[in-house]
Amino acid sequence: MKILFLNGPNLNLLGTREPEVYGRLTLKDIEAKVRDRAAKLGAEIDFRQSNLEGELVAWIQQSKGIYNVIVLNAAAYTHTSIALRDAISAVGVPTIEIHLSNVHAREEFRHKSLIAPVCKGQIAGFGAESYVLALEAAVTVNATSK
Ligand code: DQA
């Protein structure tokens, strides 16, 4: 079972970026939490971040046949990117949308997700735990899609 965690723009700044919204853990801290849980669940993970939309698109395209599930925090691209949405649809690897913050309780422009309709589901609002919950969902999604 291989799961690809993809993180979009500005998530490299976690730890210092608006900690009242996103918490004080860095992306490395979150990755360590996910790796710890993944080891217990017997899942293999890759964890990446990019500020570039095209790089995220390329990673989604390359995931076919390699990863069972993608866990995607597309960050601001969630609300703008038809390219990410099309990549998810084109590739067909089950994808779980995640957010640290509860996007639905924030500014109106964050309420709309262009990727939600092509994802299995969405986990938002649990801070770093959104990542761990997504990992658990990924293992379940994979188990039930066989
Ligand atoms: C985010 C929410 C997005 O609206 C925002 O642009 C981000 C982070 C989150 O994890 O809460 O960069 O995806």
Side-chain angles (χ1 to χ4, degrees), residues 1-64 66-91 93-142:
M1 166 93 199
K2 286 188 78 169
I3 304 163
L4 178 61
F5 281 78
L6 294 182
N7 293 282
N10 300 307
L11 294 172
N12 54 313
L13 301 179
L14 288 178
T16 55
R17 175 191 182 199
E18 299 176 82
E20 65 290 354
V21 178
Y22 298 117
R24 295 199 179 272
L25 295 187
T26 65
L27 198 58
K28 277 271 165 236
D29 295 333
I30 295 174
E31 179 178 350
K33 255 168 116 55
V34 171
R35 286 200 178 280
D36 193 53
R37 186 81 186 110
K40 289 178 182 128
L41 291 170
E44 198 181 317
I45 68 154
D46 279 321
F47 203 95
R48 302 181 197 159
Q49 188 275 331
S50 179
N51 293 322
L52 306 179
E53 186 177 19
E55 189 160 39
L56 293 162
V57 168
W59 286 338
I60 292 168
Q61 288 183 6
Q62 291 156 15
S63 69
K64 197 175 175 67
I66 300 174
Y67 296 96
N68 303 90
V69 178
I70 297 171
V71 175
L72 176 61
N73 186 348
Y77 291 142
T78 305
H79 317 296
T80 63
S81 181
I82 297 169
L84 281 181
R85 177 196 175 118
D86 285 352
I88 296 164
S89 301
V91 165
V93 175
T95 298
I96 300 170
E97 174 184 355
I98 64 164
H99 302 284
L100 293 146
S101 63
N102 179 358
V103 284
H104 303 288
R106 299 182 63 196
E107 302 95 324
E108 205 168 328
F109 66 85
R110 295 186 205 277
H111 298 180
K112 177 81 187 161
S113 166
L114 295 188
I115 64 172
V118 296
C119 287
K120 277 274 177 187
Q122 185 192 64
I123 297 170
F126 298 97
E129 290 306 317
S130 290
Y131 285 76
V132 177
L133 291 168
L135 169 64
E136 285 166 4
V139 171
T140 308
V141 166
N142 191 53

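A quick note: this is a predicted structure, and the numbers were derived from the prediction, not measured. Atoms considered below: every heavy atom in the structure, side chains included; atoms not considered: hydrogens, waters and symmetry mates.
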A.B. asks: Could you check whether atom CZ of Arg24 has more than 12 heavy atoms from other residues, nucleotides or ligands sitting under 6.0 Å from it?
C.D. replies: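 Count not over threshold, so no.
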
A.B. asks: With side chains defined as the heavy atoms from C-beta onward, is the minimum distance between Asp46 and Tyr67 less than 4.5 Å?
C.D. replies: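 Asp46 vs Tyr67: side chains touch.
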
A.B. asks: Indicate whether any N or O donor in one side chain lies under 3.5 Å from an N or O acceptor in the other, for Asn51 and Gln49.
C.D. replies: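 Per modelled atom types, Asn51 and Gln49 side chains form a pair under 3.5 Å.
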
A.B. asks: For the atom pair CG (Asp29) and OG1 (Thr26), what is the distance rounded to the nearest 0.5 Å?
C.D. replies: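 Spacing of CG (Asp29) from OG1 (Thr26) equals 3.0 Å.
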
A.B. asks: Should Asn7 and Tyr131 count as side-chain neighbours, where that means a heavy-atom distance under 4.5 Å?
C.D. replies: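 They are in contact (side-chain heavy atoms under 4.5 Å apart), so the answer is yes.
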
A.B. asks: Tell me if the CD1 atom of Ile66 is crowded by more than 12 foreign heavy atoms within 6.0 Å.
C.D. replies: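 Yes - once you tally the heavy atoms of other residues, nucleotides and ligands closer than 6.0 Å, there are more than 12.
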
A.B. asks: Have a look at Val69 and tell me which of Leu4, Ile45, Ile96 forms a side chain to side chain contact (heavy atoms under 4.5 Å, CB included) with it.
C.D. replies: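 Going through the options one by one, the only one that passes is Ile96.
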
A.B. asks: Quick one, Phe47 with Ile30, criterion side chain to side chain contact (heavy atoms under 4.5 Å, CB included). Give me CA distance, side-chain angles, the key distance, then yes/no.
C.D. replies: CA-CA 10 Å; Phe47 203 95; Ile30 295 174; 4.3 Å; yes

A.B. asks: Could you tell me whether Glu136 and Arg37 make a salt bridge, using a distance below 4.0 angstrom between a side-chain N and a carboxylate O?
C.D. replies: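 A salt bridge links Glu136 with Arg37.
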
A.B. asks: Determine whether Leu72 and Ile98 satisfy the following criterion, side chain to side chain contact (heavy atoms under 4.5 Å, CB included), listing intermediate values before the conclusion.
C.D. replies: CA-CA 6 Å; Leu72 176 61; Ile98 64 164; over 6 Å; no

A.B. asks: Report the C-alpha distance between Leu11 and Asn73 in whole Å, list the side-chain angles of each, state the deciding distance to 0.1 Å, and finish with yes or no for side chain to side chain contact (heavy atoms under 4.5 Å, CB included).
C.D. replies: CA-CA 9 Å; Leu11 294 172; Asn73 186 348; 3.5 Å; yes

A.B. asks: Just by distance, no angles: are the side chains of Ser113 and Glu97 close enough, under 3.5 Å, to form a donor-acceptor pair?
C.D. replies: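 Side chains of Ser113 and Glu97: pair found under 3.5 Å.
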
A.B. asks: I need the minimum non-hydrogen distance between Ile3 and Val139, along with the two atoms involved.
C.D. replies: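 Where Ile3 meets Val139 most closely, the heavy atoms are CD1-CG2, 4.4 Å.
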
A.B. asks: I need the Glu129 CD to Leu25 CG distance, nearest 0.5 Å.
C.D. replies: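 Answer rounded to 0.5 Å: 9.0 Å.
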
A.B. asks: Do His79 and Glu107 meet the criterion of a side-chain donor-acceptor pair at a distance under 3.5 Å?
C.D. replies: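 No.
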
A.B. asks: Give the intermediate values and the outcome of side chain to side chain contact (heavy atoms under 4.5 Å, CB included) for residues Ile60 and Val57.
C.D. replies: CA-CA 5 Å; Ile60 292 168; Val57 168; 5.8 Å; no

A.B. asks: Of the non-hydrogen atoms in Ala124 and Ser101, which two are nearest, and what is the gap between them?
C.D. replies: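 Looking at all heavy atoms of both residues, the closest pair is CB-O, 3.6 Å.
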
A.B. asks: Is the shortest side-chain heavy-atom distance between Leu14 and Leu100 below 4.5 Å?
C.D. replies: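 Side-chain contact under 4.5 Å: yes.
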
A.B. asks: Show the nearest heavy-atom pair for residues Pro9 and Ala75, with the distance to one decimal.
C.D. replies: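 It is O-CB, 3.3 Å.
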
A.B. asks: Show the nearest heavy-atom pair for residues Met1 and Ala138, with the distance to one decimal.
C.D. replies: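 Smallest interatomic distance, heavy atoms only, reads CE-O, 3.3 Å.
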
A.B. asks: Quick one: closest heavy-atom pair of His111 and Arg106, and the distance?
C.D. replies: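 Closest approach of His111 to Arg106, heavy atoms only: NE2-O, 2.8 Å.
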
A.B. asks: If every non-hydrogen atom of Leu114 is compared with every non-hydrogen atom of Ser81, which pair is closest and at what distance?
C.D. replies: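 Nearest pair, atom of Leu114 first, then Ser81: CD1-N, 3.7 Å.
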
A.B. asks: Report, as yes or no, whether the 6.0 Å neighbourhood of atom NZ on Lys112 holds more than 12 heavy atoms from other residues, nucleotides or ligands.
C.D. replies: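 No, the 6.0 Å shell around NZ holds no more than 12 heavy atoms from other groups.
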
A.B. asks: CD/Glu53 to CD1/Ile82 distance, rounded to the nearest 0.5 angstrom?
C.D. replies: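 The CD atom of Glu53 sits 9.5 Å away from the CD1 atom of Ile82.
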
A.B. asks: Walk me through it: do Ser89 and Asp86 pass the test side-chain hydrogen bond (donor to acceptor under 3.5 Å, both in side chains)?
C.D. replies: CA-CA 5 Å; Ser89 301; Asp86 285 352; 5.2 Å; no

A.B. asks: Given 3.5 Å as the limit, does a donor-acceptor pair link the side chain of Ser50 with the main chain of Arg48, or not?
C.D. replies: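 Not a single qualifying donor-acceptor pair exists.
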
A.B. asks: Keeping the roles fixed (side chain from Lys64, backbone from Val91), state whether a donor-acceptor pair exists under 3.5 Å.
C.D. replies: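 A pair under 3.5 Å: yes.
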
A.B. asks: With a 4.5 Å heavy-atom cut-off, do Phe5 and Leu135 have their side chains touching?
C.D. replies: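 Yes, side chains in contact.
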
A.B. asks: Quick one: does Gln122's side chain get under 4.5 Å of His99's, heavy atoms only?
C.D. replies: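 In contact.
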
A.B. asks: If you round to the nearest 0.5 Å, how far is CG of Leu52 from OH of Tyr77?
C.D. replies: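 Here the rounded value is 6.5 Å.
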
A.B. asks: Going by an N to O cut-off under 4.0 Å, is there a salt bridge joining Asp36 and Lys40?
C.D. replies: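 Yes, this pair counts.
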
